[in-house]
Amino acid sequence: MASSKPTNPEVDNDMECSSPESGAEDAVESSSPVAAPSSRFKGVVPQPNGRWGAQIYEKHSRVWLGTFGDEEAAACAYDVAALRFRGRDAVTNHQRLPAAEGAGWSSTSELAFLADHSKAEIVDMLRKHTYDDELRQGLRRGHGRAQPTPAWAREFLFEKAVTPSDVGKLNRLVVPKQHAEKHFPPTTAAAAGGDGKGLLLNFEDGQGKVWRFRYSYWNSSQSYVLTKGWSRFVQEKGLCAGDTVTFSRSAYVMNDTDEQLFIDYKQSSKNDEAADVATADENEAGHVAVKLFGVDIGGAGMAGSSGG
DNA sequence: GGATGTGTTGAT
DNA sequence: TCAACACATCCG
């Protein structure tokens with residue numbers, strides 16, 4: 001008699017949405033299967049046949065997200081749509097991003113993935129129940145070096161404004177110690193030969209081109225450096241002092257040895273004026289990096305792609 | 001004929 | 001914006 005409004009008994013914000021359908025259990029709420037009860041989840045409505053529908057509203061109209069045998073799955077579909085339609089601060093049934101958590105990649109990647117697809121595309125995936133697959137597939141794409149890895153599949157590590165000596169004749173880039181030790185493999189690793197001569201690291205750039213640099217520690221200057229191969233990068237990209245190089249890695253990493261590193265650069269606004277050309281089409285590299293870390297799911301930035 | 005999605009309304 | 005309910009439409 002106490003409760004007069006058993007609408008939303010607070011969900012357990014901790015379940016995951018990995019396995020859709022395939023689990024239409026009735027174990028939930030073992031009471032009277034007669035009258036279809038209202039869903040415990042936001043955006044989920046019962047269907048006459050006992051299944052569950054997901055929907056979200058936008059601009060006075062309803063956007064149908066499909067039907068699901070599992071109330072959970074329907075709730076997750078709503079969550080994904082809410083994030084895409086209303087941004088990372090959207091009210092959802094589950095605290096965290098459904099498909100990404102527990103699968104090994106960061107939620108940032110999923111937000112970027114969402115930002116990289118139109119609302120219509122996301123809705124379509126949800127209705128076809130292919131969202132999870134698309135997400136995983138996308139994260140894996142590019143590792144085979146066929147095409148550049150999408151910005152949203154990368155995880156920012158650090159960046160550095162290059163100094164005159166970094167782009168000079170010394171043929172080396174000093175990697176800030178704190179970042180080197182935190183993000184790059186130890187130079188004493190077995191792979192390095194163990195003799196402190198450093199090791200070779202591969203970096204993929206914004207165009208999907210792979211660069212190989214020697215990475216080592218110089219006792220003389222007590223600093224970590226990228227040497228062999230670096231000058232070529234500087235030359236081809238037309239790097240100038242003041243420009244910024246950005247390092248990132250694949251957001252989807254199963255083990256350390258499988259880690260893919262990326263390198264991009266952003267031309268300094270000053271150097272921009274100098275317009276050295278040679279990098280006209282490569283400005284995209286910088287643009288991508290900016291987009292990755294400035295991703296704003298709900299902002300006007302995405303409104304444009306909402307149409308279709 | 002069952003499943004799916006829309007029309008529509010009333011509540012918040 | 002949201003969900004309940006009715007019902008039109010789709011599809012095997």
Side-chain angles (χ1 to χ4, degrees), chain A residues 1-101 107 110-111 113-115 117-135 295-308:
Chain A
M1 313 324 167
S3 58
S4 58
K5 193 67 173 177
T7 311
N8 276 327
E10 279 309 319
V11 185
D12 223 289
N13 295 356
D14 208 29
M15 4 183 88
E16 290 172 15
C17 313
S18 302
S19 49
E21 23 189 357
S22 73
E25 323 100 1
D26 318 47
V28 195
E29 303 290 323
S30 56
S31 31
S32 54
V34 188
S38 61
S39 175
R40 328 190 296 273
F41 301 105
K42 183 180 178 65
V44 178
V45 294
Q47 291 296 93
N49 54 356
R51 288 166 63 79
W52 301 90
Q55 58 185 25
I56 188 171
Y57 287 82
E58 184 196 43
K59 199 39 176 132
H60 276 271
S61 60
R62 169 180 49 202
V63 177
W64 189 253
L65 305 176
T67 57
F68 307 80
D70 189 354
E71 190 177 4
E72 270 294 329
C76 290
Y78 173 85
D79 290 352
V80 169
L83 287 171
R84 178 59 182 82
F85 280 60
R86 299 164 187 169
R88 66 171 130 258
D89 294 327
V91 175
T92 56
N93 292 299
H94 305 93
Q95 198 68 330
R96 285 295 173 188
L97 299 177
E101 292 306 319
S107 56
E110 185 166 8
L111 285 174
F113 173 82
L114 288 169
H117 293 78
S118 71
K119 293 179 183 177
E121 288 175 317
I122 297 300
V123 168
D124 195 57
M125 292 178 205
L126 293 174
R127 290 176 71 145
K128 290 179 181 172
H129 297 192
T130 60
Y131 177 77
D132 279 20
D133 285 343
E134 297 275 359
L135 178 59
V295 60
D296 185 283
I297 298 296
M302 296 179 64
S305 61
S306 59

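In the text below, chain A, chain B and the rest are named by the order of the sequence lines, each starting its count at 1.
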>> Just the rounded figure in Å: distance from P of C:dC10 to CZ of A:Arg127.
In response: 13 Å
> What closest approach, in Å, do A:Asn93 and A:Asp79 show between heavy atoms, and which atom pair accounts for it?
Replying inline: N-OD1, 2.7 Å
> Between C:dC2 atom P and A:Asn93 atom CG, what is the distance in whole Å?
Replying inline: 11 Å
> Relative to each other, are the rings of A:Phe113 and A:Tyr131 parallel, tilted or perpendicular (30° and 60° limits)?
Replying inline: perpendicular
> Which atom pair, heavy atoms only, marks the closest approach of A:His117 to A:Met125?
Replying inline: CD2-CE, 3.6 Å
> For the base of B:dG5, is there a side-chain donor-acceptor partner from A:Arg62 under 3.5 Å away?
Replying inline: no
> Taking atom P of B:dT4 as reference, at what distance in whole Å does atom CZ of A:Phe68 sit?
Replying inline: 10 Å
> What's the CD-P distance between A:Gln47 and C:dA3, to the nearest Å?
Replying inline: 13 Å
>> In whole Å, I'd like the distance from the CG atom of A:Leu126 to the C1' atom of B:dG5.
In response: 15 Å
> Taking the side chain of A:Tyr78 as its heavy atoms from C-beta onward, which of C:dC2, B:dT4, C:dA3 lies nearest to it?
Replying inline: C:dC2
> Between C:dC2 and A:Lys42, is there an OP1 or OP2 to side-chain N/O distance shorter than 4.0 Å?
Replying inline: yes
>> Rounded to whole Å, please give me the gap between CZ in A:Phe85 and P in C:dT1.
In response: 11 Å
>> Nearest to the side chain of A:Asn49, heavy atoms from C-beta on, is which of C:dA3, C:dC7, B:dA3?
In response: B:dA3
> How many Å lie between NZ on A:Lys128 and C1' on B:dG5, as a whole number?
Replying inline: 16 Å
> So what does A:Arg51 touch, heavy atoms closer than 4.0 Å: a base, only the sugar-phosphate, or nothing?
Replying inline: sugar-phosphate
>> Here's a test of your reading of the structure: between A:Val44 and A:Lys59, which maps to the more 5' nucleotide of DNA chain C?
In response: A:Lys59
>> Using every non-hydrogen atom in the two residues, find where A:Phe68 and A:Ala73 come nearest and quote the distance to one decimal.
In response: CD2-CB, 4.0 Å
>> Which is more 5' along DNA chain B, the nucleotide nearest A:Gly66 or the one nearest A:Tyr57? Just name the residue.
In response: A:Gly66
> OP1 or OP2 of C:dA4 sitting under 4.0 Å from any side-chain N/O of A:Ser38?
Replying inline: yes
>> Rounded to whole Å, how long is the line connecting atom CH2 of A:Trp64 with atom C1' of C:dT9?
In response: 14 Å
> Side chain of A:Gln55, base of B:dG5: donor and acceptor closer than 3.5 Å?
Replying inline: no
>> Applying side-chain contact (heavy atoms from CB on, under 4.5 Å) to A:Leu83 and A:Glu110, what does each step give before you reach the verdict?
In response: CA-CA 10 Å; A:Leu83 287 171; A:Glu110 185 166 8; 5.6 Å; no
